[in-house]
Every structure is written in structure tokens, then in C-alpha cells.
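The structure appears right after this line, and notes come after that.
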2 protein chains.
Amino acid sequence: MESRCENCIIRQFNSLRAMSKEELQQVSDSKVTKKVKKGEHLFEEGEKLNGVYCVRNGVSKLSKLSANGKDQIVKLATKGEVIGQRSVISEEHTNLSAIAVSDMEVCFIPKESINHTLQKNPNFTLEVLRHMAHDLKEADDVIVNISQKTVKQRIAEAFLYLKNNFGEDEEGFLALTLSREDISNVVGTATESAIRIISEFKKNGLIHTSGKRIGIKNERKLLEMVEGF
Amino acid sequence: MESRCENCIIRQFNSLRAMSKEELQQVSDSKVTKKVKKGEHLFEEGEKLNGVYCVRNGVSKLSKLSANGKDQIVKLATKGEVIGQRSVISEEHTNLSAIAVSDMEVCFIPKESINHTLQKNPNFTLEVLRHMAHDLKEADDVIVNISQKTVKQRIAEAFLYLKNNFGEDEEGFLALTLSREDISNVVGTATESAIRIISEFKKNGLIHTSGKRIGIKNERKLLEMVEGF
DNA sequence: AACAATAACTGATAAATGTCATATTTTTAA
DNA sequence: TTAAAAATATGACATTTATCAGTTATTGTT
């Protein structure tokens, strides 16, 4: 038997915590838990979503394909985050693809459960609104970063972001391992450029690597680089 | 005597339309109408907002100062849009400055009126949520554009955007005249680069200019440029 | 109308970044 | 375990974009 939303700790981190006991029961009855392997899609750009995904475990990249065939990663969503809200709320096709960058466990919640609560429970709606306001602020920050910072600064920032949001493993490597291509797609640059800068960082003792894994060696210097010294 | 929100046509374009008659009366009683001259601030980055601004007339740029001293314009807000919602909702200081790029008339609505309705009227909250979802989608698009398109493409796109959103005057110039610096800040490039490309567009017959005013001459070619031909 | 102040423009050059070609390493799967 | 595939890495070069310096045009003010 599957676990119930009412007891799910993940809920504490997202807007579902503003649901009443009854609403939560209804969500729990209608939800479906799925396992998504690294590299698999949750959904693709342009799809019509019939619900949202609540992330129990693992990480998904939200990305958009540009005209020149390159992906831009707009956000990395992890444990406790709800994916697909925007598209369900505005009843539009998704503008982003969601692909697992590590093995994931997600709960699919049909949109009916969400929409119903959105119309009846202002606390829930307000909570969702607050989350979206936060996402919007972050998106604005990304815009400013991409247009005003150098690739080097953005890569340094990405590593610090990865450390702060996903932590490090026992050996001191970033817990979330992204391919060089994914890194370049987060930062918005050519893969070769990203690789070159990673090599440079390694040479200068800012980071160390082992295969595709990256560990931060000199956080202070990385921070200074982001700030523009 | 001032005009009442209940009769304001602007309201049809924004989330205020989801308010009940009583709520709207309350908003109308507490609102203050202000005139803001071109170049003046509505508010500055980092300020704490005590309410939102409903734009009756004119245009405001929402921008963020980057570490290297350049502004990045994240959005142009015009008639019918509500500015400052995000910050009021998440009860944070603003992350953006709002400066009038043309003479404006705005209504300042104290946050109490907004917050009260947000907690009581799920329709209103949902409406605000939909608007924010839309803004978030647009922000994602901007991210992809900035990181994947060339400056030339982005400037072409900006001109088309200005035409579609603000129209043209009788003489065939874009109705919203931005300084070259503002254009470069929308696009995320150096002012000189923007000017250079504007000259090139003029030379190639894509646009014509008169002082700082810009008129679109060959929309089809601009569009093709945006698409990457 | 004349002046100062500001904005628009242009050229020369430097710096950053992208592209293509190819070598090397790591990962995957037979 | 080993071959094939995929990812990472590096060099050479082209292109794009930024920067600095200086000129011309426009705008606003007395």
C-alpha cells in the first residue's frame, strides 16, 4: 500500500501544507506515485498537463529548447517542489520540459484536485501565489545574471548554488552531479566554453574534479569571482 | 473629486476585476491617484512597498541594477497592469526599481486593501495567481532569449515587441520612444552596441529614425532575423 | 537665440565567447 | 572484459560584443 499525503513530510515544504485535512485526503486518494529514471521525461515542452508533480526525491531540470537547438535550463526542482503548477493554473500547454537529472520519485496529482482547492481555499491559493512570487523573483535574478555577468562568473555562481541547494557527498564532491552539457545549459553558454572554464578553475585550485564530479576547494575565491573581483 | 475604481475601465485588464462590489468600494476609498513625470521613480530597488500601483496611463520600466553598474530592464508595465504585487504578496523588499519612461497616471492602493481581499476572496487570489503565472512564463522566455539569441536578434525582437504592445503614432514611429540606453538595457547589451545595430538596421532599410524615434519599415525581415535567418 | 548638458553616434581596439576539428577519457552495454 | 558509444577535453580560429576615446546631434534652459 502506498503512503498517504497526510503523513508525507515533503508536504511541509510546499503549498500543500495549506490544505485542509479533507482536501489532503482527496489529493491522496487521487495521486499516483511514479518512479522516474535519470534522463527520463516527466513531460515535454508543449504538452498539456493533466496535473502537477510533487517531488519526493531526486532532481528535475526544467528547460526550454531554443531555435538554434540548444536547451536552456531555467530551474532545477528538487524534493518538496511542485512542478507544472504554472501550466495547470493558466490552463496553457507547458512552456518547459521536465527531465530527471537523477533518479526521482514523484507524486502525480490530477489537476482536478488542485483546481478544486484553488477555488475553495484562499489560504492554499495564497500559498501557491507566494511560491510563484518567489519563483518570479528568482527568474528576474537569473535574467540580470545572464545579461550582466560573464560566463566565468555564472559558472562560479552555479557551483555555489549547487553546493548550497544540494550539498556535498562524503568525499567532498557536489552531491548533484550534472553533465558538462547540463552545466553549460544552466549557465547559458557553449559546452566547450563551460569545459574550458572548469579546467581553468581546476588549474587555479578553485575546484577539484573526478570524472564528471566536481568538488569546491576554494569557496571564498569563487564568491569573490561572482562578486566581480 | 476623483474617479472611482468601480467605474474605471482599466480594471477590466487586471485582477481587480475579480473583486466584489464591496471590496472595490473599499479599494476606491483608500486609493490615491498620482501623476508621475517621465524619469521619476515610483519606487526603488530595496524599498519596502506599502501598496501596489495600478497603471492608468503611461509606461514604467521595472529594472534591476547589476554589480557592474548597469541596469537591466526586466519588464515594461503599461495601462492596466499592477506594479509591486510580487513584493506585497511575499512581504519582501522590492527586487526591482520602477521608473516612468513616459508621463504616467497611477493609482496607489494600500496593501491592506489587497491583503484583505487576498485572504477572503479566492477568485481574486486566483486571478492574481494567473497573472503572476503569466509573468513567470514571460520571464522564462526572456531568459531563453537573452542566453540563446544574438544582440541583433534581441534588438529586432524588442522593436517588434514595442510595436505590438504600444503601437505606432500617426507618422509611423513606435508610440513608445525609449532612449538608446533604455533599449540596450531591455536587450542586455552595451549602449554603443545597441546604437551600432540600430544604425545597421537603418542602413539595411529595416527601420527609419528621426531623432530618438524609431519606425519599423520592414517587419517581415525583422521577424526573419528574430527567427534566425 | 545661445549655451550648456545630455544623448546619439562612430572608429579603433580589446576581450569574451562560439565554432569546428580532433584527441582523450569515461561510461555503457554486449 | 572489451568494444563501441558518449562525454570530456584541448587547440586554433572566427565571430560577437564590450570598452574607450572622441565627434556630432539633440534637447532643455536662461
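Proteins get letters first, then strands, A, B, ... in listed order; numbering begins at 1 in each.
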Problem set entry | Test item: A/Asp169 side-chain N/O and A/Glu171 main-chain N/O as donor-acceptor pair under 3.5 Å | yes
For this session: Assign the ring pair A/His208 / A/Phe173 to parallel, tilted or perpendicular, where the plane angle (0 to 90°) is split at 30° and 60°.
Result: tilted
Problem set entry | Gap between atoms CD1 and P, on B/Ile197 and D/dT17 respectively (whole Å) | 6 Å
Exercise. Judged by atom type as modelled, is there a donor-acceptor pair below 3.5 Å linking the side chain of B/Arg180 to the main-chain atoms of B/Lys212?
Worked result: yes
Exercise. So, A/Ser87 side chain and A/Glu92 main chain: donor-acceptor pair closer than 3.5 Å or not?
Worked result: yes
Exercise. Between the main-chain N or O of A/Val59 and the side-chain N or O of A/Thr78, is there a donor-acceptor pair closer than 3.5 Å?
Worked result: no
Under 3.5 Å between N/O atoms: give me all the protein pairs with nucleotides 2-6 of chain D, atom names plus distance.
none

Problem set entry | Side-chain donor/acceptor of B/Gln72 to backbone N/O of B/Val186, under 3.5 Å | yes
For this session: Identify, residue by residue, the members of residues 142-159 of chain B with a heavy atom below 4.0 Å from DNA chain C, and return them in order of residue number, or none.
Result: none
Problem set entry | Short side-chain N/O contact to D/dT17 OP1/OP2 from B/Ser193, under 4.0 Å | no
Problem set entry | Candidate pair A/Leu222 and A/Asn218, rule side chain to side chain contact (heavy atoms under 4.5 Å, CB included), full reasoning | CA-CA 6 Å; A/Leu222 282 174; A/Asn218 193 334; 5.9 Å; no
Polar-atom pairs under 3.5 Å, protein N or O versus N or O of nucleotides 8-14 of chain D: list them with distances, or write none.
{"residue": "D/dT8", "atom": "OP1", "partner": "A/Arg180", "partner atom": "N", "Å": "3.2"}
{"residue": "D/dT8", "atom": "OP2", "partner": "A/Arg180", "partner atom": "N", "Å": "3.3"}
{"residue": "D/dA9", "atom": "OP1", "partner": "A/Arg180", "partner atom": "NH2", "Å": "3.4"}
{"residue": "D/dA9", "atom": "OP2", "partner": "A/Arg180", "partner atom": "NE", "Å": "2.8"}
{"residue": "D/dA9", "atom": "OP2", "partner": "A/Arg180", "partner atom": "NH2", "Å": "3.4"}
{"residue": "D/dT10", "atom": "OP2", "partner": "A/Ser199", "partner atom": "OG", "Å": "2.6"}
{"residue": "D/dG11", "atom": "N7", "partner": "A/Arg196", "partner atom": "NH1", "Å": "3.0"}
{"residue": "D/dG11", "atom": "O6", "partner": "A/Arg196", "partner atom": "NH2", "Å": "3.0"}
{"residue": "D/dA12", "atom": "N6", "partner": "A/Arg196", "partner atom": "NH2", "Å": "3.3"}

Exercise. B/Tyr161 vs B/Phe166 aromatic rings, parallel, tilted or perpendicular, using cut-offs 30° and 60°?
Worked result: perpendicular
Exercise. Rounded to the Å, how far apart are B/Lys38 NZ and C/dA7 P?
Worked result: 10 Å
Problem set entry | Polar side-chain atom of A/Ser210 near backbone of A/Arg213 as donor-acceptor pair, under 3.5 Å | no
Exercise. Taking atom C1' of C/dT27 as reference, at what distance in whole Å does atom CZ of A/Arg213 sit?
Worked result: 14 Å
Problem set entry | Side-chain donor or acceptor of A/Arg56 paired with backbone N/O of A/Glu105 under 3.5 Å | no
